[in-house]
Structure formats: structure tokens, C-alpha cells
Undergrad: 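Here it is, the structure in full.
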Amino acid sequence: MFLYKKIKEARNEKKMTQKQLAEELTNRGRKTSNTAIANWESGLNSPDVDTVQLICEILEKDGNYFFDENNNFRYVSNSGINTEGLDEDDIEEINRFVEFIKNKKRNEKK
């Protein structure tokens with residue numbers, strides 16, 4: 001299951017709205033809107049690592065909960081990505097993450 005699906009699942013388990021999660025993140029120093037939460041949960045954007053750590057605390061989940069224990073994060077190299085065994089949804093998630101990293105790099109340069 002993908003990160004964005006796990007965030008929504010954990011939030012629903014806690015019976016929190018997107019607005020409540022955003023408010024709690026903001027209270028802990030991560031100014032966040034419910035729109036940002038909606039974007040994370042739809043896979044349009046992803047939270048940064050520090051925000052994921054806060055989400056873990058708020059939703060009372062171990063960091064491993066948000067990542068499939070069967071994932072092998074050594075798929076990526078300078079020569080490309082080994083997509084053997086991945087379906088279309090997996091590849092789409094990889095592409096979204098690559099775009100996220102590119103946007104993050106562009107924003108850092110500004």
C-alpha cells in the first residue's frame with residue numbers, strides 16, 4: 001500500500017478529519033492546511049520526512065507502518081529503475097515521487 005493511502009487509513013483509524021490533522025501539525029510547528037492533507041491523501045504531493053515523523057507521533061504509528069515492509073528501496077540507480085514485478089500503480093507512485101523530489105530541488109534553489 002502506498003504512503004498516501006496509509007496516511008488516510010491511519011487518520012481514519014484515529015477518527016480525525018483532514019482539518020484536525022492539519023491543525024495538529026500546525027500546533028506542532030508544521031504549518032499545514034487541510035488542502036495539503038487532501039493532496040497527500042490523493043497522491044498529488046507527499047509530505048517531507050520531518051512531517052511524516054510528526055504524522056507518526058500524532059497518529060500513534062511507527063514509521064514502518066507507512067512503508068511496506070516488502071519494499072526494496074534499491075530499485076533506483078543512475079542507469080534507471082528496475083520495474084520488474086511492479087504494476088502500473090507502483091510505477092505511477094514512483095513517477096509521482098520523482099516529480100516530488102524534482103520540485104523539492106527546484107524550490108531549494110529559489
Side-chain angles (χ1 to χ4, degrees):
M1 189 177 287
F2 300 122
L3 174 63
Y4 66 94
K5 291 179 182 178
K6 295 292 245 178
I7 291 172
K8 183 175 184 175
E9 181 181 275
R11 180 182 56 76
N12 287 332
E13 282 178 18
K14 264 313 237 187
K15 297 183 178 12
M16 290 182 84
T17 65
Q18 291 175 340
K19 183 177 181 180
Q20 289 169 325
L21 179 55
E23 288 171 352
E24 188 60 35
L25 285 165
T26 298
N27 291 340
R28 294 180 185 218
R30 263 305 158 192
K31 187 171 181 178
T32 308
S33 68
N34 56 314
T35 302
I37 306 291
N39 287 340
W40 298 340
E41 290 183 357
S42 65
L44 293 175
N45 293 315
S46 297
D48 62 34
V49 174
D50 292 332
T51 304
V52 172
Q53 184 176 1
L54 282 175
I55 292 170
C56 290
E57 292 171 16
I58 294 165
L59 300 178
E60 299 176 343
K61 295 289 185 185
D62 182 86
N64 293 324
Y65 169 84
F66 292 102
F67 302 97
D68 184 2
E69 65 275 356
N70 296 321
N71 282 342
N72 177 351
F73 293 105
R74 298 178 188 257
Y75 284 120
V76 180
S77 70
N78 288 336
S79 61
I81 298 174
N82 176 359
T83 60
E84 182 180 343
L86 302 178
D87 62 22
E88 270 186 61
D89 288 339
D90 298 328
I91 293 168
E92 182 181 349
E93 179 70 8
I94 291 168
N95 287 329
R96 278 196 297 267
F97 185 71
V98 168
E99 287 305 310
F100 168 76
I101 296 296
K102 287 180 180 179
N103 287 331
K104 184 177 174 185
K105 293 283 187 189
R106 275 186 235 126
N107 290 334
E108 289 173 353
K109 291 178 182 179
K110 290 182 181 178

Undergrad: Given the rule in the side-chain contact (heavy atoms from CB on, under 4.5 Å) test, do W40 and T51 qualify, once you have shown the distances and angles that lead to the verdict?
TA: CA-CA 11 Å; W40 298 340; T51 304; 3.5 Å; yes
Undergrad: Is there a path of hydrophobic side-chain contacts, each under 4.5 Å between heavy atoms, that joins V52 and F97?
TA: no
Undergrad: Does E23 have any salt bridge (Lys or Arg N to Asp or Glu O under 4.0 Å) partners at least two apart in sequence or in another chain, and if so, which?
TA: none
Undergrad: So do the side chains of K6 and K61 get within less than 4.5 Å of each other, counting heavy atoms only?
TA: no
Undergrad: Establish whether I7 and L54 are linked, either directly or via other cluster members, by ILVMFWY side-chain heavy-atom contacts under 4.5 Å.
TA: yes
Undergrad: For the atom pair OG1 (T32) and CG (N27), what is the distance rounded to the nearest 0.5 Å?
TA: 10.0 Å
Undergrad: Would you mind listing the cluster partners of V49? Hydrophobic ones only (ILVMFWY), side-chain contacts under 4.5 Å, chaining allowed.
TA: none
Undergrad: Partners of E93 by side-chain hydrogen bond (donor to acceptor under 3.5 Å, both in side chains), sequence neighbours excluded?
TA: R96
Undergrad: Under the salt bridge (Lys or Arg N to Asp or Glu O under 4.0 Å) test, which residues partner D50, sequence neighbours left out?
TA: R30
Undergrad: Answer yes or no: are there more than 12 heavy-atom neighbours, outside E57 itself, under 6.0 Å from its atom CD?
TA: yes
Undergrad: Could you tell me which non-hydrogen atom of C56 sits nearest to which non-hydrogen atom of G63, and how far apart they are?
TA: SG-CA, 3.6 Å
Undergrad: Name all residues meeting the side-chain contact (heavy atoms from CB on, under 4.5 Å) criterion together with D89; count only those two or more places apart in sequence or in a different chain, and write none if there are none.
TA: F2, D87, E92
Undergrad: If you group Ile, Leu, Val, Met, Phe, Trp and Tyr by side-chain heavy-atom gaps below 4.5 Å, do F100 and I55 land in one group?
TA: no
Undergrad: Name the one of E60, E9, E24, Q20 that satisfies side chain to side chain donor-acceptor pair (under 3.5 Å) with K14?
TA: E60
Undergrad: Check whether I37 and M16 end up in the same hydrophobic cluster, where Ile, Leu, Val, Met, Phe, Trp and Tyr are linked by side-chain heavy atoms less than 4.5 Å apart.
TA: yes
Undergrad: With sequence neighbours excluded, what pairs up with K19 under the side-chain hydrogen bond (donor to acceptor under 3.5 Å, both in side chains) test?
TA: none
Undergrad: Might you work through the side-chain contact (heavy atoms from CB on, under 4.5 Å) test for T17 and N34, ending with a clear yes or no?
TA: CA-CA 9 Å; T17 65; N34 56 314; over 6 Å; no
Undergrad: List for me each residue that meets side-chain contact (heavy atoms from CB on, under 4.5 Å) alongside K102, sequence neighbours excluded, and say none if there are none.
TA: V98, E99, R106
Undergrad: Name all residues meeting the salt bridge (Lys or Arg N to Asp or Glu O under 4.0 Å) criterion together with K8; count only those two or more places apart in sequence or in a different chain, and write none if there are none.
TA: none
Undergrad: Which value, rounded to the nearest 0.5 Å, describes the distance between N39 atom CG and S33 atom OG?
TA: 7.5 Å
